[in-house]
Amino acid sequence: MSEPTIFSRIVAGEIPATVVWQNERLIAFEDIAPQAPVHLLVIPKTQQYANVSELAVGDPALLAEMISVADQLAATHANGEYRLVFNSGASAGQTVFHVHAHVLCGGLTESALA
Ligand code: AMP
C-alpha cells in the first residue's frame, strides 16, 4: 500500500485544514497558499487517483460530482463564477499526487495559477 498523501492525512484528521464542505466521497478545504481571494481544493477522500486523467477513466461520475461541488462552493463563497484548475504531472505544476481541483474565485487576477 502506498504512503498516505498529505491530502489523505487531512481526510484522516492527522493534519489540520479549514474544511468547508464534505460528503462520503469528497471533501473541500481552503488551500494553505491561496492564489486568489477564494482558493479551495476539492478532492476525493480516496487517494486511488493520482490525477484528473486517472479519475476520468476510473470514476467519471466522481469527477462530475467534483465539478458540481466546485460550482456550489463558488456560489457559496463568491459570486458563482470561478476558475477550475487541475494540474496533471510534475512539469505542469502538480505537487500533490492525489487528484484535486483548485477552485479559484472572488476577484481573480491574471496570475492566479496561470
Ligand atoms: P498542486 O500544485 O496542483 O499539486 O496543488 C497542491 C496544492 O495543495 C497547493 O496549492 C498547495 O498550496 C496546497 N497544499 C499543500 N499542503 C496543504 C495543506 N496542508 N493544506 C491545504 N493546502 C495545501
Side-chain angles (χ1 to χ4, degrees):
M1 180 143 173
S2 55
E3 285 291 303
T5 64
I6 191 164
F7 290 166
S8 286
R9 298 186 67 201
I10 287 173
V11 171
E14 295 169 7
I15 293 179
T18 303
V19 174
V20 297
W21 180 91
Q22 63 181 311
N23 70 4
E24 279 185 5
R25 301 215 294 164
L26 298 173
I27 186 168
F29 51 90
E30 291 180 357
D31 195 293
I32 204 169
Q35 304 294 311
V38 176
H39 185 171
L40 303 172
L41 300 174
V42 182
I43 71 164
K45 289 186 172 177
T46 176
Q47 68 176 54
Q48 183 178 355
Y49 307 106
N51 58 49
V52 68
S53 309
E54 289 185 10
L55 180 61
V57 171
D59 194 341
L62 188 57
L63 175 57
E65 191 179 343
M66 285 175 75
I67 294 169
S68 172
V69 169
D71 208 82
Q72 291 167 38
L73 290 172
T76 306
H77 293 265
N79 68 351
E81 298 180 346
Y82 59 96
R83 182 176 297 169
L84 193 62
V85 174
F86 290 90
N87 294 326
S88 187
S91 69
Q94 187 176 8
T95 58
V96 180
F97 295 89
H98 177 150
V99 63
H100 51 281
H102 295 263
V103 184
L104 300 143
C105 42
L108 296 177
T109 65
E110 281 302 314
S111 65
L113 281 191

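We count ligands from 1, going down the list as the structure has it; atoms in each ligand are counted the same way.
Side-chain contact, D59 with Q48: no donor N or O sits under 3.5 Å from an acceptor N or O.
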V103/V38 under side-chain contact (heavy atoms from CB on, under 4.5 Å): CA gap, chis, key distance, verdict: CA-CA 8 Å; V103 184; V38 176; over 6 Å; no
Y49 and V57: CA distance, side-chain angles, deciding distance, side-chain contact (heavy atoms from CB on, under 4.5 Å) verdict: CA-CA 10 Å; Y49 307 106; V57 171; over 6 Å; no
Chi angles and distances behind the side-chain contact (heavy atoms from CB on, under 4.5 Å) call for V11, T46: CA-CA 9 Å; V11 171; T46 176; over 6 Å; no
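The ligand atoms of ligand 1 that sit less than 4.0 angstrom from a heavy atom of F7 are 8 (O). Within the listing of ligand 1, atoms 1 (P), 2 (O), 3 (O) sit less than 4.0 angstrom from a heavy atom of N87. For ligand 1 and H100, the ligand atoms under 4.0 Å from any heavy atom of the residue are 1 (P), 3 (O), 4 (O), 5 (O), 6 (C). Distances below 4.0 Å separate heavy atoms of E30 from the following atoms of ligand 1: 21 (C). Which parts of ligand 1 touch H102 is read off a 4.0 Å heavy-atom cut-off, strictly below it: atoms 1 (P), 3 (O), 5 (O), 7 (C), 10 (O). Counting atoms of ligand 1 from 1 in the listed order, those under 4.0 Å from a heavy atom of A33 are 12 (O).
One finds the CD1 atom of I43 at 4.0 Å from the NE2 atom of H98 (value rounded to the nearest 0.5 Å).
Contacts of F86 with ligand 1, taken as heavy-atom pairs under 4.0 Å, are absent altogether. Neither the backbone nor the side chain of A17 comes within contact range of ligand 1; no heavy atom lies under 4.0 Å. Residue contacts with ligand 1 for I10 involve side-chain atoms from C-beta outward but no N, CA, C or O (heavy atoms, distance under 4.0 Å).
For the pair F86/M66, a side-chain contact is recorded, criterion being any heavy-atom separation below 4.5 Å from C-beta on. Side-chain contact between L40 and Y82 is absent, with no heavy atoms from C-beta onward closer than 4.5 Å.
Residue F97 places no heavy atom under 4.0 Å from ligand 1.
The side chain to side chain contact (heavy atoms under 4.5 Å, CB included) test with L84 is passed by exactly one of V42, L104, I67: I67.
At least one N or O atom of G93, backbone or side chain, sits closer than 3.5 Å to an N or O atom of ligand 1. Between I32 and ligand 1, at least one pair of N/O atoms sits closer than 3.5 Å. Checking only distances, D31 does come within under 3.5 Å of ligand 1, N or O to N or O. Every N/O-N/O distance between L41 and ligand 1 stays at or above 3.5 Å.
Annotation: H100 is in aromatic contact with H102 [ring centroid separation under 6.0 Å].
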